[in-house]
Number of protein chains: 2
Amino acid sequence: MGGKKAADADPARSLALLWGSHSKPGRSGLTVRSIVLAAIELADANGLEAVSMRQVADRLEVGTMSLYTHVPGKTELTDLMIDTAFGELYADVDAPSGQPGGWRGALEFIAARNWDLYRRHPWMLHIVGGRPVLGPNATLKYEAELRPLDGIGLSDVEMDSVLALILTHVEGTARLQANMAQTQQDTGMTDAEWWVSNAPLLDKVVDASRFPVASRVGQSAGEEYQAASSPTHALTFGLARILDGVADLIAGRERP
Amino acid sequence: MGGKKAADADPARSLALLWGSHSKPGRSGLTVRSIVLAAIELADANGLEAVSMRQVADRLEVGTMSLYTHVPGKTELTDLMIDTAFGELYADVDAPSGQPGGWRGALEFIAARNWDLYRRHPWMLHIVGGRPVLGPNATLKYEAELRPLDGIGLSDVEMDSVLALILTHVEGTARLQANMAQTQQDTGMTDAEWWVSNAPLLDKVVDASRFPVASRVGQSAGEEYQAASSPTHALTFGLARILDGVADLIAGRERP
DNA sequence: GACCGTACCGTACATCGTACGGCTCGGTTA
DNA sequence: TAACCGAGCCGTACGATGTACGGTACGGTC
């Protein structure tokens, strides 16, 4: 980097870019949209760190600096990538509300959709987003995910809190999943392989007398998952607990 | 980077480094420990991206490449940073179990301790850790945090799952907190300032007819937090729901 | 046919992790 | 004492990165 991490000093510029109408391509066919799509393809295929201005430009067969005509900088590009990816989620705004099982079914659907999104685009988890993106698709997502929580006895702030809780949980377990997959690919070693190769080493170094519970539970979990942890199990187990807790909250609101 | 992100092809090397006894300093006083401490100081003060081999070496008044005599590479260094930071948590292994309020009080204590840790060392949230660190302090932490869950009717795997759920939640909300603080510092703009400067822009672009619930709830939450979200509120609200859900699980185990 | 704004892009700079090869010591042996 | 050797230390170099800056070349309007 040249200097600081300036972030965008001008939020209006970002907003205009996010909500702005599609501009006409210039003489080399370059568009904001084409740049964003190329960046997403790169990130999907090779991970976020493969998305450099040079790589994106190469893919578009264009000079590196030409990108800066359409996009102020890389942070704005990643913002655009995120909002564009969110666009895949809800073609029908009322899809979550239409799920069977009331609010609980809807939240399970929302969790699953977000989980799938992170599976398709793991790079979304590695972007350090200062503030929320506030693009059109992010707003649509917010609307779609709030609707099934409307009118079931929660206050506005509680609706937002419940949704945030679910999304934080999904994001956390998805991050675990993505990191494990990434590492598996980098090292060329399966988690199971890693586990069996590290278990004896660990046993030698962790004595069961000093760490009785940890060694017992770690052993059980390790055998259960054939790894240090299981993201999918963490997702469903955690979601079940959270939804039970939310049910308690709603029941409390119903009978005050 | 020169080539790939090789990660550590040899896990045994990392383990030896983590559990290895302290080595004697050479003729310039350089030690694994001194390197790790310098790196942590840098990260605490200036963020994770300020931790470069050159910066660490400069702080120790030593040539850059001298670090590689003691530490195989940067990934191993960050592993060591993490395990060292974990060492701050539980001087007394039985501290969590000693909390009032049974398992629930203990879990609240654990959540708070981890939250504080991330406040002190926000860089821990930005390290992309492929696999868990498995150092001595990480193991101690695992033991200390599992003990209050032992013997209350949960299976081994359930104990691990409950703990992971709590920790994922804390990490998620702490990441939110850290990102917001970071951005606030980078842009020199308070979240409140950002909110009041973006609210009118957003109103102009998000029409309440297309996004009725989102605009209403977003407005309420924004006014409540004077920001897009409130990490501390998310922490306590989410923790309460989760603990309620865990209570349900335990109750179900008690009366089958 | 002249002009001009905009799209495009080549070069340069500071920064990164680390491979490689050389230097300089402290301690052991002949 | 002299020779030697391994380990600690480090200077240089390479290929990356984001982007500031200044230049080129083109499409559309008079």
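Note that these values count all heavy atoms, side chains included, but never hydrogens, waters or copies made by symmetry. Owing to the predicted nature of the structure, the values given are computational and were not obtained by experimental measurement.
Between B/L176 and A/T168 the shortest side-chain heavy-atom distance does not fall below 4.5 Å. In this structure, the side chains of A/P231 and A/M180 come closer than 4.5 Å at one or more pairs of heavy atoms. The closest side-chain heavy-atom distance from A/V128 to B/T183 is not below 4.5 Å.
The OH atom of A/Y68 sits 17 Å away from the P atom of D/dG22 (whole-angstrom rounding). The nearest whole Å value for the distance from the CD atom in A/E49 to the P atom in C/dC16 is 19 Å. One atom, CD1 of A/I35, and another, C1' of C/dC8, lie 12 Å apart when rounded to the nearest Å. When the C1' atom of D/dT17 is taken as reference, atom CG of A/N46 falls 16 Å away, rounded to whole Å. A/L48 has its CG atom 10 Å from the P atom of D/dG18, to the nearest Å.
Contact check, A/H70 against C/dC8: a side-chain N or O comes under 4.0 Å of OP1 or OP2. For the OP1/OP2 pair of D/dT17 and a distance below 4.0 Å, the side-chain nitrogens and oxygens of A/R54 include at least one atom meeting the criterion.
With sequence neighbours excluded, no residue satisfies side chain to side chain donor-acceptor pair (under 3.5 Å) with B/N179. Remark: B/T31 pairs with B/S23, B/P25, B/R33, B/S34 by the side chain to side chain contact (heavy atoms under 4.5 Å, CB included) rule, at least two apart or across chains.
Near DNA chain D, meaning a heavy atom under 4.0 Å away, the residues from residues 57-67 of chain B are B/V62, B/G63, B/M65, B/S66.
The listed nucleotides are C/dC16, C/dA7, D/dT17; the one nearest the side chain of B/Q55 is C/dC16. Of the candidates C/dC8, C/dG17, D/dC9, the closest approach to any side-chain atom of B/S52 belongs to C/dG17. Considering only side-chain atoms of B/L30, the nucleotide from C/dC8, D/dC9, D/dG18 that sits closest is D/dC9.
For A/G29 and B/A50, each mapped to the nucleotide of DNA chain C holding its nearest heavy atom, the one lying further toward the 5' end belongs to A/G29.
Counting non-hydrogen atoms under 4.0 angstrom, B/V51 reaches the backbone sugars and phosphates but no base.
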**Request:** Begin from the C-alpha positions of A/Y90 and A/E145 and carry the test side chain to side chain donor-acceptor pair (under 3.5 Å) through to its verdict.
**Result:** CA-CA 9 Å; A/Y90 306 108; A/E145 292 175 341; 2.8 Å; yes

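Here A/F86 contributes atom CZ and A/L140 contributes atom CG; the two are 11.5 Å apart, rounded to the nearest 0.5 Å.
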